[in-house]
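Before any comments, here is the structure.
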Amino acid sequence: MSTERYNPRDTEPRWQQAWTDARAFEARHDPARPKYYVLEMFPYPSGRIHMGHVRNYTMGDVLARFRRAVGYNVLHPMGWDAFGMPAENAAIERGVHPKSWTYDNIAAMRDQLKSLGLALDWSREIATCDPSYYRHEQEMFIDFMKAGLVERKVSMVNWDPVDQTVLANEQVIDGRGWRSGALVEKRELAQWFLKISDYSEELLKALDGLTNWPEKVRLMQANWIGRSEGMRFSFVLEDETGKVRDEKLTVYTTRHDTIFGASFCALSADHPLVRELEGSIVGLAEFRREVAALGTSEESIERAEKKGFPLKLYARHPFRPDVKLPVYAANFVLMGYGEGAIFGCPAHDQRDLDFARKYQLPVIPVVAPKGTDPAQFTVGNEAFLEKEGDQTVLINSDFLDGMGVPEAKQTIAKRMEALGIGERKVNYRLRDWGVSRQRYWGCPIPVIHCITCGVVPVRKQDLPVTLPEDVTFDRPGNPLMHHPSWKDTTCPTCGGKAKRETDTFDTFIDSSWYFARFCSPKAAVPVDREEAKYWMAVDQYIGGVEHAILHLLYSRFYARAMTLTGHLDLKEPFASLFTQGMVVHETYKTEAGDWVLPADVVREGDAFVHAKTGEKILTGGIEKMSKSKKNVVDPEAIIDRYGADTARWFVLSDTPPERDIEWTETGVEGAWRFTQRVWRIVADVQQKGAVKGTVVPNAVAGEALELRRAAHLAIQAVTEDLYGLRFNRGIARVYELANALTSALQKNDPSDGMRFALREAGEAFVTLLAPMMPHLAEECWRVLGHETLMVDRPWPKADPALTTSDEVTIAVQVNGKRRDEIRLPKGLPQAKVEQAVLALDNVKRALDGKPVRKVVVVPDRIANVVSG
RNA sequence: GCGCCGGUAGCCCAACGGUAGGAGGCGACUGCCUUAGAAGCAGUUCAGUGCGGGUUCGAAUCCUGCUCGGCGCACCA
């Protein structure tokens, strides 16, 4: 073969430039054409892309290119989730300004993404830290305020006293601030909330409509929303002397059927009644502090220990005048759920049982398996919880005795409602979304605090409220708060002196609507309704499953909030969701236990040694690529060495996209060899095939026909695989076609039929691999004599005449075991098939004289002879 | 504890009620090519589908019990 090797270093930048010059991927609103909006979760600009990005963006890119080829008007944009803490950390640690740090990173990562050859519309690029983006976020927040979707309330936060900032739960490690190491305190702060809980039911119900979302994600969201049906009801409280208190105690329960098994009540340490009593009961304040201290993320050991503090109050049992339930403050009752108060039924709740055993409270079983003698049924140290399908019955429960659980629930609910002491209540676990962050590098919350007027939104004409650039990070706390003048302003209502809000938004807000902004990234309004009407919803959203709950739930909420305030007109922003797996790699360690980069490891026979020091290297588990374990492979190094197409091909090969893929050097080399093989095949096709544009000769038969069939079968299969996001299978089909081409080329058959088939199959081959290896495909297209861009070539259509056949091979089984196969005309009547099958020698032999009981015939597939 | 996903050749995987000479790739081995290597070419190797029951004419595929691995949720009353 006379060809030179394919050199991606030369071709890839050239074709990237050609696409840019042709403005090939700039999306234009065109109501006449069907649109396809493909989006990958936009990256945080950390400064360098990692393999996870390569995988994620390659998948989206294949879809964008494929959908474009089949005729869709494709929108495939890219942007930057550019606010957030790492920029501030860099400022603190290295003295760089968050803004320049961020924009430098964006520039670097943009170059890296471009080197992957992604079919992105860069003219729509947005960065969330840009005032031209966040001004709209501020505007919408003001609209949300007016629509009643915003609330300011005091809430408990994790406060780091050293850094003087609020920490998210995941930033609290063993009760200490993740950076300062200081003991984290629970503090009450006035915070801004978005009332996502108004949409609990709606967000839950609408999950059913998201049929193109992974079941797993829908389930996780449903659990997160956490709907439960129960009752809210009140107890009359009395003190030790029997004196009745004015206010009643309201509790929430889903097990009102077990009311006769109640033996105590428990309140959250933060319950208003507990706070009220704090001053009057010795030790209670200390108990509350204790609970607050281990509140955050103490693990299972602490969790197991149920503790309570008696409040010297008693709740009257609503149906048993003689029963008075002691009331406790307890560490296992959460203020944020239900009423922050419960009644304990130890026999049928493990937590209550643990508590009851610790404080020697009665344990009265009230539900037992059907047929059990109530007098004999007892509960030990394991609460009796009925499992699905159990036959159970109420015992020791007065007028409920003998009922099943659902009936008992009904009866109690009716009884309590009639007595006016309670009502049925649906509860949700989902809380309102706290969006205040005491940080600099985020979108300023556009409100003003005025002594006379209170909290006032900034006037829209005064937007955006921009971040000041002259800030310092030399002392703890929020730089906006320390800024000498930024927060000083005047009240939009009274004109008097006022202060700006110094909190900024949670960055999840930025990412809750960026997909809508991409429809009209330069519009003067947040979203141009006409553009959004055409482009939204996102047809295919791709990202990591780690965003299954927060980002995706917030975005679903935002779409509704934006629709309510007239900024959008749809509820579900993502029609289809795909969650791709991680990129994993083997880990390496020195004998001393230091992690070693894969790039520094060389193989020597069966052993591994350090490339630089020669030390012995031990191999460890295959784990998610992470900086801390150093099992990372730098995409830039791979692209430098093999080119983007090889990297793209590798991350799509073999492993199904939803599963974790193991990065291996041998696998990459295999992908690299394949690029070279494609190159040779195409050169050979150009030499041995017909010239471009040749029409189908009259007679194509034999091997030429087989090659045509292979090509059309490949077209059909790859098309289906790409529609279904089965990239690994599509790639296998391309390999198959490569094999078919290779063997056909070896025949050196100069017939017109074969020459035509080579041309046809060769062009199909290049077109089919183009979404995966776009640069190589362009170069091959040139070799095949074309002047046009591959990206403009329509997707080929399989000829049904070539993908089907008049004859089929039918497998022949005797008693379920394969004994022979037979070629028969397609669609042959069952009786004829039976006849043909029974005549086979192999069948007769297998039957061995036994009578035939019946013959099962699956048309055109299989025949099974069943003997007596 | 609850839930979800997955166990198919040495490895990654396909088939998802109908022929496991496995679609494909990686690896290994043999031969050809080469001064040699790399690359390339031709070919070979290897499992009966984690284990036990069941349904069926027929099960990797459906049901069921177990087992191993991964992930998510977890004091939500």
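As the structure is a prediction and not an experimental result, all values here were calculated from the model. Every chain is numbered from 1, with letters handed out A, B, ... down the list of sequences.
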- Task: Give the rounded distance in Å between these two atoms: CD of A:Glu669 and C1' of B:C26.
- Result: 11 Å
- Task: Starting at atom CD of A:Glu215, determine the distance to atom P of B:G6, rounded to an integer number of angstrom.
- Result: 12 Å
- Query: Taking any strand in view, what nucleotide pairs with B:C57 in a Watson-Crick or G-U wobble way, both distances under 3.5 Å?
  - Reply: B:G18
- Under a 3.5 Å limit on both distances, the Watson-Crick or wobble mate of B:A9 is none
- Task: Sort out the partner of B:C51 for me: Watson-Crick or G-U wobble, both distances under 3.5 Å, none otherwise.
- Result: B:G65
- What about A:Asp654: does its side chain form a donor-acceptor pair under 3.5 Å with the base of B:G24? yes
- Message: How many whole angstroms separate atom CZ of A:Arg853 from atom C1' of B:G58?
- Response: 12 Å
- Classify the nucleic acid contact of A:Tyr252 as base, sugar-phosphate or nothing, counting any heavy atom under 4.0 Å across all strands shown. base
- Query: Using the C1' atom in both, what is the distance from B:G48 to B:U8, to the nearest Å?
  - Reply: 9 Å
- Query: Which sits closer to the 5' end of RNA chain B, A:Ile549 or A:Val333, going by the nucleotide each is nearest to?
  - Reply: A:Ile549
- Query: Rounded to whole angstroms, how far apart are NZ on A:Lys624 and P on B:G70?
  - Reply: 16 Å
- Please report, rounded to the nearest Å, how far the P atom of B:U56 is from the CD atom of A:Gln813. 17 Å
- Item | Selected nucleotide, minimal atom distance to A:Pro656 side chain, candidates B:C75, B:A14, B:A23 | B:A14
- Query: If we take the P atom in both B:C51 and B:C68, what is their distance in whole Å?
  - Reply: 15 Å
- Message: If only side-chain N and O atoms count, and only distance matters, is there a donor-acceptor pair under 3.5 Å linking A:Ser197 with A:Asp432?
- Response: yes
- Between B:G18 (P) and A:Ile822 (CD1): distance, integer Å: 21 Å
- Query: Pick the nucleotide of RNA chain B nearest each of A:Lys854 and A:Thr666; which residue has the one closer to the 5' end?
  - Reply: A:Thr666
- Query: Between A:Arg733 (CZ) and B:A23 (P), how many Å, whole number?
  - Reply: 11 Å
- Distance below 4.0 Å between A:Asn739 side-chain N/O and B:G25 OP1 or OP2: yes
- Centres of the A:Trp224 and A:Tyr554 rings: under 6.0 Å? no
- Pairing partner of B:C71, by Watson-Crick or G-U wobble and under 3.5 Å for both distances, is B:G3
- Task: Step by step, work out the side-chain contact (heavy atoms from CB on, under 4.5 Å) result for A:Tyr252 and A:Asn427.
- Result: CA-CA 9 Å; A:Tyr252 178 73; A:Asn427 228 322; 3.3 Å; yes
- Message: Please confirm whether the shortest side-chain N or O distance from A:Tyr337 to OP1 or OP2 of B:A77 is below 4.0 Å.
- Response: yes
- Task: May I ask you to check whether A:Phe355 and A:Tyr328 place their ring centres under 6.0 Å from each other?
- Result: yes
- Message: Taking the ring centre of each residue, are A:Trp672 and A:Phe650 less than 6.0 Å apart?
- Response: no
- Query: Under 4.0 Å between a side-chain N or O of A:Arg429 and OP1 or OP2 of B:C73?
  - Reply: no
- Message: Could you tell me how far B:G50 sits from B:G6 if I compare only their C1' atoms? Round to whole Å.
- Response: 11 Å
- Task: Report the base-pairing partner of B:G40 (Watson-Crick or G-U wobble, both distances below 3.5 angstrom), or none.
- Result: B:C32
- Message: Can you identify which nucleotide, out of B:A77, B:C26, B:A74, has its nearest atom closest to the A:Ile342 side chain?
- Response: B:A77
- Message: Considering every strand and a 4.0 Å limit on heavy-atom distances, what is the contact class for A:Gln746: base, sugar-phosphate, or nothing?
- Response: sugar-phosphate
- Message: Could you tell me how far apart A:Glu546 (CD) and B:C73 (P) are, to the nearest whole angstrom?
- Response: 12 Å
- Query: Is A:Arg255 touching bases, backbone alone, or none of the nucleic acid, heavy atoms closer than 4.0 Å?
  - Reply: sugar-phosphate
- Ignoring backbone atoms, test whether A:Asn427 places a side-chain nitrogen or oxygen under 4.0 Å from the OP1 or OP2 oxygen of B:C76. no
- Pairwise P distance, B:G10 and B:U49 [rounded to whole Å]: 13 Å
- Message: Within the 4.0 Å heavy-atom criterion, would you say A:Leu334 contacts the bases, only the backbone, or no part of the nucleic acid?
- Response: base
- Message: If you go through the side-chain atoms of A:Lys306, does one of them form a donor-acceptor pair with the base of B:C75 closer than 3.5 Å?
- Response: yes
- Message: Less than 3.5 Å apart, any donor N or O on the side chain of A:Ser653 or A:Tyr735 sitting next to an acceptor on the other?
- Response: no
- Message: Applying a 4.0 Å non-hydrogen cut-off, can you work out what A:Arg431 is touching in the nucleic acid: base, sugar-phosphate, or nothing?
- Response: base
- Message: Base, sugar-phosphate or nothing for A:Asn864? Non-hydrogen atoms, less than 4.0 Å.
- Response: base
- What is the nucleic acid contact for A:Ser653, judged by heavy atoms within less than 4.0 Å: base, sugar-phosphate only, or nothing? nothing
